[in-house]
Undergrad: 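So that we are looking at the same thing, I have put the structure below in structure tokens.
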Amino acid sequence: SFRDFVKRLLPEMLEDRITRLFYFADYDGSGWLNFIEFLRIFGRDLNGKMGDEYFEYVMVRLHGAMVKRGGLASILHLEDKHLQGTISRTKMIEVLVGMGLQLT
């Protein structure tokens with residue numbers, strides 16, 4: 001079953017999250033997942049690119065995390081040690097990972 005499959009991959013995932021994940025993926029409400037619906041679980045489309053729904057989800061989570069930390073300007077100011085108004089890609093990735101968004 002879907003539940004057993006997910007539990008094998010992610011034993012720590014709570015039952016309610018597994019249920020929500022299934023209902024998110026089951027786009028047509030059939031109670032079955034076809035291949036395209038299965039890809040939705042991973043936030044991917046048929047081309048392997050991030051799907052629009054997952055991108056929107058990520059952006060909402062990112063926005064909330066930034067607001068909690070005083071907004072993007074505040075985050076960049078804290079990380080921009082030389083006050084250049086820029087941040088390196090590597091440092092930005094560190095900042096984003098450090099937010100602990102737990103997107104899965």
Side-chain angles (χ1 to χ4, degrees):
S1 74
F2 178 77
R3 182 198 157 295
D4 295 335
F5 172 74
V6 172
K7 278 295 194 182
R8 268 189 250 136
L9 295 175
L10 301 165
E12 70 284 352
M13 185 175 269
L14 300 174
E15 293 293 327
D16 70 315
R17 290 195 76 154
I18 294 172
T19 300
R20 285 186 290 162
L21 181 61
F22 181 82
Y23 284 117
F24 165 77
D26 185 19
Y27 189 74
D28 63 6
S30 67
W32 295 89
L33 297 182
N34 62 33
F35 182 68
I36 294 171
E37 290 172 328
F38 182 74
L39 290 176
R40 292 182 79 210
I41 294 170
F42 305 102
R44 302 283 183 216
D45 64 15
L46 281 175
N47 298 317
K49 300 203 189 274
M50 182 185 287
D52 291 339
E53 290 172 328
Y54 190 67
F55 177 76
E56 201 171 307
Y57 170 75
V58 169
M59 291 295 101
V60 167
R61 294 289 302 270
L62 183 58
H63 177 265
M66 286 184 177
V67 167
K68 285 182 183 176
R69 290 166 178 79
L72 182 60
S74 177
I75 293 168
L76 291 180
H77 182 68
L78 292 174
E79 297 300 327
D80 183 12
K81 306 283 188 239
H82 306 290
L83 302 175
Q84 298 171 329
T86 62
I87 187 169
S88 72
R89 181 175 192 255
T90 303
K91 194 62 177 173
M92 188 64 181
I93 290 170
E94 283 178 33
V95 168
L96 293 173
V97 170
M99 288 182 173
L101 297 178
Q102 299 178 346
L103 296 171
T104 56

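Count residues from 1 along the sequence.
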Undergrad: Please set out all donor-acceptor pairs under 3.5 angstrom arising from side-chain atoms of residues 20-29, sequence neighbours excluded.
TA:
| unit_1 | atom_1 | unit_2 | atom_2 | d |
| --- | --- | --- | --- | --- |
| D26 | OD1 | G29 | N | 3.4 |
| D26 | OD1 | S30 | N | 3.2 |
| D26 | OD1 | S30 | OG | 3.4 |
| D26 | OD2 | S30 | N | 3.3 |
| D26 | OD2 | G31 | N | 2.7 |
| D28 | OD1 | S30 | N | 3.0 |
| D28 | OD1 | S30 | OG | 3.0 |

Undergrad: Roughly how far, to the nearest 0.5 Å, is CZ of F5 from CG of L33?
TA: 10.0 Å

Undergrad: So D4 and S1, side chain to side chain donor-acceptor pair (under 3.5 Å) or not? Walk me through it.
TA: CA-CA 5 Å; D4 295 335; S1 74; 3.2 Å; yes

Undergrad: How far apart are the closest heavy atoms of K7 and M13, and which atoms are they?
TA: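 Looking at all heavy atoms of both residues, the shortest contact is NZ-O, 2.7 Å.
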
Undergrad: Rounded to the nearest 0.5 Å, how far apart are NE2 of H63 and NZ of K68?
TA: 12.0 Å

